[in-house]
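Working notes for the structure below.
Throughout, protein chains are lettered first and strands after them, A, B, ... in sequence-line order, and every chain is numbered starting at 1. All of these numbers come straight from a predicted model, not from anything done at the bench.
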2 protein chains.
Amino acid sequence: MSEQANPVLAEVWRGEFLECVHRGTAVVVTTSGEVVEAWGDPNRVILPRSSCKIIQALPLVESGAADAAKLTAEQLAFACASHRGASVHTGLAARWLAEIGLAESDLRCGVHEPGDPEARHALRLAGKVPDQTHNNCSGKHCGFLTANRHLGGGPEYIDPEHPLQKAVRLATEEVTGETVSGFAIDGCSAPNFAVSLKGLATAMARFATPETSFTGARATGARRLRDAMAAHPVLVAGEGRACTSLIRACGGRAVVKPGAEAVFVAMLPSKGLGIALKSDDGKSRGSEAAIAALLARHGALERTDPAYTTLADAPILNCRGYAHGHLRAAEALLS
Amino acid sequence: MSEQANPVLAEVWRGEFLECVHRGTAVVVTTSGEVVEAWGDPNRVILPRSSCKIIQALPLVESGAADAAKLTAEQLAFACASHRGASVHTGLAARWLAEIGLAESDLRCGVHEPGDPEARHALRLAGKVPDQTHNNCSGKHCGFLTANRHLGGGPEYIDPEHPLQKAVRLATEEVTGETVSGFAIDGCSAPNFAVSLKGLATAMARFATPETSFTGARATGARRLRDAMAAHPVLVAGEGRACTSLIRACGGRAVVKPGAEAVFVAMLPSKGLGIALKSDDGKSRGSEAAIAALLARHGALERTDPAYTTLADAPILNCRGYAHGHLRAAEALLS
């Protein structure tokens with residue numbers, strides 16, 4: 001009854017027992033798409049989910065919409081974010097919408113409970129329900145609205161046939177070097193274009209080196225988006241999130257972004273490398289351990305850094321504070 | 001780079017893309033330990049975690065401690081519970097401790113935030129922090145304390161060498177028909193004895209048929225524990241939990257119990273069968289889909305029941321309520 005499967009990327013031990021494993025695929029590539037190393041099949045097609053938000057933001061900066069709206073670096077970082085709906089995030093979304101003369105009701109991302117417990121508590125105390133600014137994708141959608149206003153498109157900007165999403169699709173194909181393998185609709189209602197892990201990693205290698213990988217408005221725009229994420233890690237995710245702590249800990253050596261169902265990508269500017277990985281089971285524990293291990297493997301993170309040890313070499317405590325388990329990246333990613 | 005692995009138990013689709021899989025091991029056995037069917041290796045040794053709470057409660061009923069303390073069916077169900085820390089649970093824990101003349105500080109389960117959002121909100125409003133009664137294992141520990149008081153053991157009842165845990169170990173070996181393969185310390189500080197999935201399922205088949213599988217105090221005690229769980233599903237887990245909804249939906253045809261890191265077991269009285277399974281990745285989405293599928297496969301649950309469709313054949317909605325994904329048990333468990 002056993003089957004061929006992807007390799008183990010992370011392990012969970014309790015006492016002497018290997019209690020869980022997270023299998024998946026990971027690839028490290030150069031700007032030309034050359035595979036430096038891979039675990040599993042780098043040609044595996046995946047839905048990047050939110051890991052590709054920096055690609056989805058390209059039309060915003062390349063079209064001139066970002067400059068026309070005088071967007072700040074904070075707003076560009078927020079356009080690439082999967083945030084927790086903390087007040088720092090919802091406040092920025094509300095100000096952004098007001099600046100461009102639009103309203104919360106113009107968003108098409110839908111509503112979900114904020115991830116931030118303080119925000120949830122504040123809503124309950126105020127007798128309020130969350131709105132679309134709490135959606136973890138509201139920054140991306142503020143970016144979509146800003147680009148769409150500039151381009152003069154209709155209000156249903158998340159339609160796959162809308163000019164804005166056609167521009168996202170074209171940008172995706174250009175930066176990955178692939179024809180997209182169709183799409184699915186993401187949790188925020190936007191189309192999410194399927195590409196190979198290798199293609200996604202290639203795009204990240206190019207965002208890591210925009211000056212040499214791109215030209216013109218794309219070179220400038222890609223650089224601004226990447227630097228904005230590096231400069232504002234709390235806006236990209238939130239306090240306590242792996243994404244935020246890894247961007248901080250890497251200190252410019254890498255910029256990272258997760259996507260739903262355990263996708264993680266990294267751009268490594270000084271190495272000219274891109275990384276993309278996915279844990280098969282969608283559990284972020286596995287993808288977070290794996291990305292931390294690969295960042296360390298490629299010199300972007302120290303294995304003594306709390307951002308590393310928390311994600312890739314972490315004790316699992318019982319309810320009285322004693323360590324009886326251990327989460328760690330698989331040996332294959334370390335040696 | 002591909003490896004031999006366990007079969008897929010559940011799949012997550014988004015659009016036309018198979019986005020995630022949950023691999024694992026599952027086995028259905030008779031009371032004599034005969035394997036009726038298996039996916040993966042039924043001899044795989046696992047930590048049962050909370051799936052074995054009904055075994056851990058055997059010394060409580062067999063010793064006469066439960067009767068001496070005049071425990072109700074509600075308390076016996078609670079002794080087998082992994083609960084959400086809702087007021088119905090913490091209230092019962094507090095009353096139970098008072099009845100046996102002990103205090104919250106006598107518990108050794110430790111503290112964690114309750115899973116129930118109303119309980120979390122109420123604590124914050126009151127400016128309080130959770131205590132040990134909120135621990136999902138507090139019912140088990142009330143049972144441990146009650147048995148320990150009856151047996152006259154020392155206060156550190158969670159020590160693996162304590163007479164109470166030695167009794168749990170002996171009961172585990174007797175009902176599984178195996179010598180335990182060591183132990184690890186669980187999140188609640190109690191030892192958790194490692195057994196094979198087949199052994200765990202064998203124990204569940206015997207709890208399904210205590211009158212014929214056991215004799216004397218064990219037959220009576222096992223029956224009382226199982227019937228208490230069947231009669232009080234909210235006390236065993238909580239509203240909205242898979243365990244509670246499956247026990248309700250099965251209506252006596254099966255009693256189920258999950259354990260941490262995606263273990264699930266079932267007792268099927270009318271069939272004289274036991275089921276045990278574990279999703280390799282520890283994600284409950286996979287183990288819940290698989291147990292629902294196996295309950296349906298063995299006539300304990302209709303595939304049209306909301307308890308089934310919610311867990312094993314469920315649309316995944318985006319934030320505007322449209323279905324763009326689907327969670328389902330693997331075909332191998334259905335056909």
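- Contact tally against chain A (heavy-atom pairs below 4.5 Å) for Glu19(B), Arg285(B), His22(B), His112(B): the top residue is Glu19(B).
- Lys53(A) and Ser82(A) are linked by a side-chain donor-acceptor pair at a separation below 3.5 angstrom, with hydrogens and angles left out of the test.
- Between the side chains of Thr25(A) and Asn6(A), at least one donor N or O sits under 3.5 Å from an acceptor N or O.
- When only modelled atom types and interatomic distance are considered, His83(B) and Ser138(B) share a side-chain donor-acceptor pair under 3.5 Å.
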key: Test side chain to side chain contact (heavy atoms under 4.5 Å, CB included) applied to Arg44(B) and Lys278(B), step by step   = CA-CA 10 Å; Arg44(B) 172 186 180 191; Lys278(B) 178 174 169 67; 3.8 Å; yes

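- Contacts between Asp280(B) and chain A at a heavy-atom distance below 4.5 Å involve backbone atoms as well as side-chain atoms.
- Comparing Val111(A), Asp186(A), Asn318(A), Asp281(A) by heavy-atom pairs within less than 4.5 Å of chain B, the highest count is held by Asp281(A).
- For the options Ala184(B), Gly321(B), Ser189(B), heavy-atom pairs under 4.5 Å to chain A are most numerous at Ser189(B).
- The heavy-atom pair separating Arg297(B) from Ser335(B) by the smallest distance is NH1-O, 2.6 Å.
- Counting heavy-atom pairs closer than 4.5 Å to chain B, the top-ranked of the candidates Cys109(A), Cys20(A), Gly15(A) is Cys20(A).
- At a 4.5 Å heavy-atom cutoff, Val263(B) makes no contact with chain A through either its backbone or its side chain.
- Listed here is the closest heavy atom pair of Phe183(B) and Pro191(B): CD1-CB, 3.8 Å.
- If you tally non-hydrogen atom pairs under 4.5 Å between each of Pro117(A), Ser279(A), Cys137(A), Gly282(A) and chain B, the highest count goes to Gly282(A).
- Ranked by heavy-atom pairs under 4.5 Å with chain A, the first of Arg124(B), Glu261(B), Lys283(B), Arg49(B) is Arg124(B).
- Using cut-offs of 30° and 60° on the angle between ring planes, the pair His324(B) and Tyr322(B) is tilted.
- Heavy atoms of Ile46(B) lying under 4.5 Å from chain A are absent altogether.
- Your options are Glu16(A), Arg120(A), Gln132(A), Glu118(A), and the one with the most heavy-atom pairs under 4.5 Å with chain B is Glu118(A).
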